[in-house]
Amino acid sequence: MNQIIKNKKELISSLPLSEHNIITIVGAGGKTTLLYTLAEELSKTGQKVLFTTTTHIARPSESSHPQWFLLEEENEDILYEGFCNHSVVGLGIPVNKSKTCNPTKSSIIKKWSSPSLSFLEKIHSIPDYIICEGDGSKRLPIKIPREKEPVLFPYTQMVLGVIGLSCLGQPLEQSLFGWQAPENQNYFHTLLATTQGINHKITADTLFEIATSFQGLLKSTEDIPIHVILNQADLLSEQMLAEIKLTAKKIRDNGINCHIVSLI
């Protein structure tokens, strides 16, 4: 693999996980993949890991992760029991939405919503690590937070801000989540100035702006260390990768940790 790009294990070894055991993941373009990766890799070292959400997340597949214990209620006793036999516990409150294609057939989309913040605060000391997805992006590769986003896990010690590099060269309006929010209109015009052409194609300058702005990934992180994760680097051409390498250096020069990764 290109030495510029970190794989899963290289990323995890470069994060100060021994110093920060409550982590909130924000942004877009690989949050859930990163959440699962951290949970799996930390569990291999004998750590008890809880993952959850403070907003909404797709319910994990039990067939894909049979070794995980999924807790779908606010029950501290069952949480303790879960960690007796499992190193990874997922916590979320089920939200089922029915989509009816015809009167006789419907499909269920399973999602989790957040447990109450009071419960999350109550159980924060039970596992060795807590990894939380702190905002949604509706599967778009890049986002700016809306008024009440992100929602950090209580006592968060480190934030991981994700940007999906598949957004490069794509129209801003089609790839950016959150730009329609009224409170983001001024910032959206700032971002437009970093794009190219009449289609407002996203550039490396767009990513730099979002990664270094308190209206972007830095929101709510004033006193919390953040690592910017530029994901999906495997999708880039050599020319684009060279641009992103320079962008990552600019982000680091602004005092922000930054990693170019491929989480596949």
> Do any pairs count as a side chain to side chain donor-acceptor pair (under 3.5 Å) and have a residue in residues 82-93, sequence neighbours left out, and if so which ones?
Replying inline: none
> Which pairs pass side chain to side chain donor-acceptor pair (under 3.5 Å) with one or both residues in residues 214-223, sequence neighbours excluded?
Replying inline: none
Is there a donor-acceptor contact under 3.5 Å linking the side chains of [X] and [Y]?
| X | Y | result |
| --- | --- | --- |
| T53 | E133 | no |
| H259 | K6 | yes |
| E74 | S116 | yes |

> Looking at K31, E149, K143, which hits side chain to side chain donor-acceptor pair (under 3.5 Å) with S137?
Replying inline: K31
With sequence neighbours left out, what residues match [X] under side chain to side chain donor-acceptor pair (under 3.5 Å)?
| X | answer |
| --- | --- |
| Q196 | none |
| Q170 | none |
| K122 | E76 |

> Does a side-chain heavy-atom distance below 4.5 Å link P16 with H227?
Replying inline: yes
> In chain order, what residues pass the ring pair (Phe, Tyr, Trp, His ring centres under 6.0 Å) check against H65, with sequence neighbours excluded?
Replying inline: Y36, W68
>> Just to verify, what does Y129 make a ring pair (Phe, Tyr, Trp, His ring centres under 6.0 Å) with, not counting sequence neighbours?
In response: none
Hydrophobic cluster (4.5 angstrom, side-chain heavy atoms) - remaining members for [X]:
| X | answer |
| --- | --- |
| L140 | F177 |
| V151 | I22, L50, F69, L71, I78, L79, Y80, F83, V89, L91, L117, F119, L120, I123, I126, I130, F153, Y155 |
| I198 | none |

>> Please enumerate all residues that pass side-chain contact (heavy atoms from CB on, under 4.5 Å) together with A181, with sequence neighbours excluded.
In response: R146, E183, N184
>> Please enumerate all residues that pass salt bridge (Lys or Arg N to Asp or Glu O under 4.0 Å) together with R59, with sequence neighbours excluded.
In response: E62, E72
